Amino acid sequence: MKRISFIIFHLIACVALLSAQPAVNDSNTPLHLMKPAYRVGYGIPTTEEVKQTTDRVLRYIESETPATLVDKRTGREVTRLKDIDENTQLKQGGFRLTSYEWGVTYSGALAAYEATGDEAYRDYVKKRHQLLASIFPHFQKLHKEGKPIDVNIRRVVDPHALDDAGAVCCSMIKATLSDRAGDGGLRPLIDNYADYIVNREYRLADGTLARLRPQRNTLWLDDMFMGIPTIAYMGRMTGEQEYYDQAAKQVLQFAQRMWVPEKKLFRHGWVEEEAFHPAFYWGRANGWAILTMCEVLDVLPENHPDRQQILDLLRQHAQGLAALQHHDGFWHQLLDRPDTYLETSATAIYAYCLAHAVNKGWLSARSFGPVALLAWHAIASSVNEMGQVENVCVGTGMGFDAAFYAYRPVHVMAAHGYGPVLWAGAEIINLLRRQHPKLNDSAVHFYDDEVPTDQPIFNYDGKMR
């Protein structure tokens, strides 16, 4: 009984003590210093943290993309070029070495090498580029003889679509132009790819790159990226003005039909014979469009007559995209429909493009740096411990209704996410090193007891204090 009384006494004492404390309110507590419960992270990451994420991705794709030939009948490795025949194929992994998605991955890895100096990124690309270069003449000979060859190698020897040619070709041009990349022997493949894009791809009457599906004379926004950057980079590699002119013309002709000014977005598809064009603002396709503009502006001469118009279009597009970013850093599958899911590959492309445009001086660091950094936190949250990229929409054609886009599956084996994540990480590292972006009011001017020990502190004018 005495013990119960003792416990009751102490409970009453505790209640009295607590009730004697002043209530927490704005007068006696700095409520503005309370920590927000961010779901995917916030603030300024370190370059080391960013690289840890891209390193996981690199290790994963290295394991999933063997740079090896095998005999399809026996599965045995083919190590000598003289042993190549119609039964030789690329060893199958999780992803295809010759797909457009892997062309994006090669460019992303090259960008990561340039940003970090880590030769593992360069060597990943070099090993696969040089494999394709070494086998190209052997399979080209077999193809000319009418012998069947592995479809993934056929994409290199005899491209049938922009998807076969553009992204891989552009990565090879970049590797060839880079002294540090150390790539060699790629010119025959580059010329073969470029010949298809420039001379053999189907076009509208005015020369705009086009498709015959799902209806005749259809434009897909994706094809801006699948064709135009290679044309522009051919200008850089050869010095021939006509490539620059054609690349700029293609951008503006796509925009003439597919840019929607009131939305500051691009529609995904356009059909020449239709009076009403489907108005679906698919995330990844808009990514291909702004990425194309970045790629073209990177090499288009400063005095080119169309440069300013393309730069203005990029700025408007960046404004439209920034306004639609979800508060967790992602963008939606259909950009203007917040009831559709949050998607990683588009988010990664936007993170790269906005950070790149800031680093190039095309966009304001103060306005767009925070958007890119918030996007990076979203991206990092989508890279699992294995290095797989989650929440990536699978390959998607052109649709005529919202459900077609809204219910597209997502999967870690959707190859479209890996290159954009590497590209985004590389450019975020550049952003952190060059621009020193501070997110918002409380992050620009840290309270003294909240200053991260590994970050320099800047005043609003950008000067270190």
Side-chain angles (χ1 to χ4, degrees), residues 45 47 49-51 53-54 57-58 61 100-116 121 125 167 170-171 174 222 224-226 228-229 232-233 266 283-299 311 314-315 317-322 324-325 329-331 335 343-365 367-383 389 391-393 415-435 437:
T47 57
E49 289 170 339
V50 176
K51 187 173 183 295
T53 298
T54 60
V57 172
L58 179 64
I61 62 174
Y100 75 83
E101 300 98 329
W102 235 243
V104 178
T105 303
Y106 296 141
S107 285
L110 289 173
Y113 167 59
E114 293 294 334
T116 67
Y121 291 94
V125 179
C170 199
S171 75
K174 292 173 184 176
D222 319 50
M224 287 184 70
F225 180 75
M226 303 308 158
I228 300 174
Y233 269 85
F266 286 89
R284 191 158 65 225
N286 272 263
W288 297 137
I290 193 169
L291 182 55
T292 297
M293 289 186 280
C294 286
E295 292 277 86
V296 170
L297 289 170
D298 277 346
V299 296
L311 183 57
L314 178 142
R315 288 170 172 159
H317 197 192
Q319 292 171 23
L321 293 171
L324 294 173
Q325 186 180 31
F330 294 95
W331 276 264
L335 294 170
E343 202 276 333
T344 303
S345 67
T347 299
I349 298 172
Y350 301 154
Y352 167 77
C353 292
L354 296 179
H356 188 66
V358 167
N359 287 331
K360 287 286 190 176
W362 304 334
L363 293 175
S364 160
S367 296
F368 291 93
V371 179
L373 287 172
L374 184 60
W376 174 254
H377 284 291
I379 296 160
S381 76
S382 295
V383 178
V389 181
N391 308 311
V392 175
C393 176
H416 313 72
Y418 292 89
V421 168
L422 293 177
W423 229 336
E427 203 63 29
I428 291 295
I429 288 173
N430 291 335
L431 184 73
L432 294 170
R433 288 176 174 164
R434 299 173 187 174
Q435 300 293 337

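Computed from a predicted structure; not experimentally measured.
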Hey, what do you get for [atom1] ([X]) to [atom2] ([Y]), rounding to the nearest 0.5 Å?
X	Y	atom1	atom2	answer
Phe225	Ser107	CZ	OG	6.0 Å
Leu354	Trp376	CG	CH2	14.5 Å
Glu49	Ile429	CD	CD1	11.0 Å
His356	Trp423	NE2	CH2	9.0 Å
Thr292	Leu297	OG1	CG	10.5 Å
Trp288	Cys353	CH2	SG	10.0 Å

Heavy-atom closest pair, residues [X] and [Y]:
X	Y	result
Ala348	Ile379	CA-CD1, 3.4 Å
Ala346	Arg284	CB-N, 3.7 Å
Thr54	Leu422	O-CD2, 3.7 Å
Ala351	Ala375	CB-CB, 3.8 Å
Ala289	Met224	CB-SD, 3.9 Å
Val104	Ala167	N-CB, 4.0 Å

Using atom types as modelled and distance alone, determine if a side-chain donor or acceptor of [X] lies under 3.5 Å from a backbone N or O of [Y].
X	Y	value
Gln325	Val371	yes
Arg433	Ala115	yes
Asn286	Phe266	yes
Thr347	Trp331	yes

Between Val50 and Thr53, is a side chain to side chain contact (heavy atoms under 4.5 Å, CB included) present by the stated rule, with each step listed? CA-CA 5 Å; Val50 176; Thr53 298; 5.8 Å; no
Under the rule for side-chain hydrogen bond (donor to acceptor under 3.5 Å, both in side chains), what residues qualify as partners of Thr105, not counting sequence neighbours? none
Side-chain touch His317/Leu321, heavy atoms, less than 4.5 angstrom: yes
Would you say Arg434 and Val358 make side-chain contact, with heavy atoms under 4.5 Å? no
Test side chain to side chain contact (heavy atoms under 4.5 Å, CB included) on Asn391 and Glu343 and set out the steps. CA-CA 6 Å; Asn391 308 311; Glu343 202 276 333; over 6 Å; no
Could you check whether the rings of Trp102 and Tyr418 sit parallel, tilted or perpendicular, using 30° and 60° as the cut-offs? tilted
Does a salt bridge link Glu295 with Lys174, judged by any charged N lying under 4.0 Å from a carboxylate O? yes
